[in-house]
There are 2 protein chains.
Amino acid sequence: MKPSHRATSFDVAALAGVSQSAVSRAFSQQSSIAAETRARVLEAARQLDYVPNRIASSLITRRTNIVAVIVGDMANPFYVQALHCIGCALQARGRQILLFTVDRGGSADEAMRRVLQYQVDGVLLTSAQLSMRMTSRSLDRGVPIVLFNRYVPGHDAACVRCDNAHGGGLIAEAFLRGGARRFAMITGDPGATTSQDRVRGFVTRLAEAGLARGDIAEACGHSTYEGGAAAALALLDRQRREWPDALYCINDIMALGAMDVLRMRLGAAIPQDIQVAGFDDIPQAAHLSYQLTTVAQPVEAMVAEALALLHFDRAGQRIERAIDRALPGQLVMRATLRAPSA
Amino acid sequence: MKPSHRATSFDVAALAGVSQSAVSRAFSQQSSIAAETRARVLEAARQLDYVPNRIASSLITRRTNIVAVIVGDMANPFYVQALHCIGCALQARGRQILLFTVDRGGSADEAMRRVLQYQVDGVLLTSAQLSMRMTSRSLDRGVPIVLFNRYVPGHDAACVRCDNAHGGGLIAEAFLRGGARRFAMITGDPGATTSQDRVRGFVTRLAEAGLARGDIAEACGHSTYEGGAAAALALLDRQRREWPDALYCINDIMALGAMDVLRMRLGAAIPQDIQVAGFDDIPQAAHLSYQLTTVAQPVEAMVAEALALLHFDRAGQRIERAIDRALPGQLVMRATLRAPSA
DNA sequence: TGGAAGTCTGCATACGTATGCAATTTCCGG
DNA sequence: CCGGAAATTGCATACGTATGCAGACTTCCA
């Protein structure tokens with residue numbers, strides 16, 4: 001038994017006095033093999049420190065048990081949280097993650113090119129753009145794709161997301177209950193549907209209360225802490241009596257930046273001078289320093305739904321395209337909103 | 001040309017009027033093939049939407065270009081940052097990440113069992129325990145392991161880490177320069193060398209200034225925001241005049257929790273009433289709300305070193321064991337320490 | 001012009017496992 | 001004790017690519 005030489009199923013077969021097929025069957029659950037034979041094989045495998053080669057196995061079964069996950073923005077804790085959740089769910093189902101990171105808002109095409117080489121069983125894409133051409137390529141070769149929180153109209157891939165418009169509405173209502181009159185928003189990438197939807201739901205609900213969109217101050221920033229801080233400064237660095245009394249940030253990470261600028265740079269009290277709300281419910285939103293009111297995305301349910309759409313339940317099923325599942329988020333009241341005026 | 005049937009090198013060969021070998025060579029850089037032939041092959045490949053199957057390729061080359069990364073604590077932004085950095089470095093070198101997450105402080109043995117099945121080219125382990133038995137198994141079969149920031153004495157695997165003791169010393173000196181007299185520490189898992197070293201460096205430096213370890217108040221907590229908050233409460237929820245005037249937290253995430261409890265629950269002013277320092281320099285440490293003084297780990301250099309230890313430079317090299325590389329961190333002065341008394 | 005050196009190309013095989021099929025054994029009821 | 005069904009096993013082959021080797025062809029120089 002040489003070191004640095006991995007034992008193969010043939011080696012194990014020889015030691016156990018059986019055929020290679022028997023070894024293969026011993027490591028497969030639903031194979032017909034005598035219990036006694038399996039035990040002998042496993043013992044021999046143990047002695048040789050044999051580990052089945054999934055690569056070779058994948059070649060013939062055409063399943064790798066690997067799912068590619070492409071993450072667009074590792075700087076946003078929400079996507080880290082999602083990644084973590086995805087990891088747990090997949091590992092629990094005996095699958096592995098092939099991880100790719102792309103720059104925030106960057107294209108995932110380059111990553112997909114590599115993904116396809118590895119014959120993954122599916123692709124999960126968060127917070128990154130994927131060209132339709134690449135999407136079709138993947139679907140045509142039987143590799144399902146699910147977009148996580150990144151709906152693209154007309155796109156061929158399935159999508160699982162939070163109902164962002166609904167969530168925006170929840171925030172608007174909470175603001176109104178808190179007695180807010182003058183509103184402002186910090187939005188994200190204008191091209192991202194996530195941002196658009198969150199704004200739309202918010203604005204629509206305010207419209208029902210009689211506010212025109214023009215009445216709502218607005219600044220756009222990168223979806224980062226710094227982006228939120230910069231947007232807040234641009235929006236509020238003016239005469240104090242022109243200030244809005246409610247600020248909606250389309251995600252928590254920007255809300256943190258905005259809050260810090262409000263309090264530390266502009267001397268505002270939250271929520272007395274200005275109420276603030278975010279979206280996502282990242283861990284930091286619960287920190288004592290922030291206590292940010294926000295909309296929690298149902299991450300676990302979204303992940304479960306995404307895996308279901310990857311057809312990990314029934315095998316060989318036809319790939320469904322252009323599915324769009326929007327799950328409702330939940331308002332989490334903390335300390336950045338005033339209590340409803342009785 | 002059927003959909004859902006992936007073209008193979010034979011299909012491409014037939015279309016291009018060459019042998020399968022030629023197709024293989026067309027996709028390999030250093031193969032001897034006529035430029036004109038390669039062009040014809042690539043054109044045929046394009047028509048058939050052919051993508052080389054890395055799984056099949058790996059079977060024969062015995063290299064997957066996949067590196068397993070096992071992350072123990074996705075809740076700590078520092079390890080997320082490290083993961084991101086590792087991802088960039090590997091992708092730039094044409095390698096992929098097979099990601100595994102394990103519970104904080106949990107054992108990576110189960111993950112390793114899967115890793116070995118996939119014939120990865122190397123393993124990077126952060127913030128998780130790996131049994132020596134599993135380590136030996138991996139090394140014996142020629143799969144190099146590098147521990148990232150998790151040194152284990154007597155362990156057989158290579159290790160890359162920040163010089164934690166040195167960093168602890170930097171903090172101690174900064175405190176002394178700031179005129180601190182009464183010290184306290186919030187430490188992490190007593191079994192983790194990371195925590196031990198950070199404490200040792202701190203205590204040693206204070207000893208040089210005449211302080212016995214018994215003079216330093218101490219509480220231990222989980223390496224989380226909540227853990228830091230709870231430890232701070234346990235440590236400081238007493239008569240104010242017994243308070244220390246300097247609090248050292250062995251990592252930033254705990255420092256954030258401690259700061260929040262200090263200010264929001266105990267009404268302390270930082271750094272006037274009490275100075276605070278952390279370790280890691282996570283992104284949140286720079287937030288305006290915290291402005292935490294800390295020691296920055298040289299993440300990029302550590303990652304570069306780790307990849308070098310995986311022998312991705314020269315192939316076929318003998319696996320080195322029990323290497324320990326400690327890179328110095330750098331003090332980042334922010335607002336939680338008092339300026340040196342002149 | 002001849003031959004040597006160099007450049008391309010195809011043939012054949014190997015990588016390690018899964019599985020259809022046939023052969024063998026075991027098990028039972030009659 | 002026999003026939004057939006069921007359980008188990010081995011044989012052979014397939015998965016898709018890389019590469020050593022030998023042959024074919026080109027180039028170049030004497």
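None of these values were measured; they are calculated from a predicted model. All chains are named by letter (A, B, ...) in the order of the sequence lines, taking the proteins before the strands, and each is independently numbered beginning at 1.
Put simply, the side chain of B/Arg40 gets close to the backbone of B/Ala16: a donor and an acceptor are under 3.5 Å apart. A/Asp121 places a side-chain N or O within 3.5 Å of a backbone atom of A/Thr64 that can act as its donor or acceptor partner. Of the possible polar contacts, one joining the A/Thr193 side chain to the A/Tyr151 backbone as a donor-acceptor pair under 3.5 Å is found.
Residues from residues 7-16 of chain A placing a heavy atom under 4.0 Å of any atom in DNA chain C, listed by number, are A/Thr8, A/Ser9, A/Phe10.
Side-chain contact annotation: B/Asp73 with B/Ser127, donor-acceptor N/O pair under 3.5 Å absent.
Counted within 6.0 Å of CD on A/Glu43, heavy atoms from surrounding residues, nucleotides or ligands total more than 12; the atom is thus considered enclosed. Shown here is A/Asp103, whose CG atom has no more than 12 heavy atoms of other residues, nucleotides or ligands within 6.0 Å.
Every residue meeting the side-chain contact (heavy atoms from CB on, under 4.5 Å) condition with B/Ala56, not counting sequence neighbours, appears here in chain and number order: A/Leu59, B/Asn53. Considering only residues two or more places apart in sequence or on other chains, A/Tyr50 meets the ring-ring contact (aromatic ring centres under 6.0 Å, His included) condition with A/Phe27.
In this structure the side chain of A/Val123 reaches within 4.5 angstrom of the side chain of A/Ile70, judged on heavy atoms. Side-chain contact between A/Met302 and A/Gln297 is present, with heavy atoms from C-beta onward closer than 4.5 Å.
In terms of position on DNA chain C, the residue among B/Ala56 and B/Gln20 whose nearest nucleotide sits closer to the 5' end is B/Gln20.
For B/Asp324 and B/Arg161, the salt-bridge test passes: some basic side-chain N is under 4.0 Å from an acidic carboxylate O.
In terms of phosphate contacts, B/Ser57 brings no side-chain nitrogen or oxygen within less than 4.0 Å of OP1 or OP2 of D/dT17. Contact check, A/Arg62 against D/dG16: a side-chain N or O comes under 4.0 Å of OP1 or OP2. Neither OP1 nor OP2 of D/dG16 sits under 4.0 Å from any side-chain N or O of A/Tyr118.
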Mind listing the N/O atom pairs, protein and nucleotides 6-9 of chain D, below 3.5 Å?
unit_1: D/dT9; atom_1: OP1; unit_2: A/Thr37; atom_2: OG1; d: 2.2
unit_1: D/dT9; atom_1: OP2; unit_2: A/Ala34; atom_2: N; d: 2.9

Atom pairs, N/O to N/O, protein against nucleotides 22-26 of chain C, distance under 3.5 Å?
none

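At whole-Å resolution of the value, CD1 in A/Ile55 and C1' in D/dT17 are 13 Å apart.
Counting only Watson-Crick and G-U wobble pairs whose two distances sit under 3.5 Å, DNA chain D takes part in these stems of three or more pairs: C:1-30 with D:1-30.
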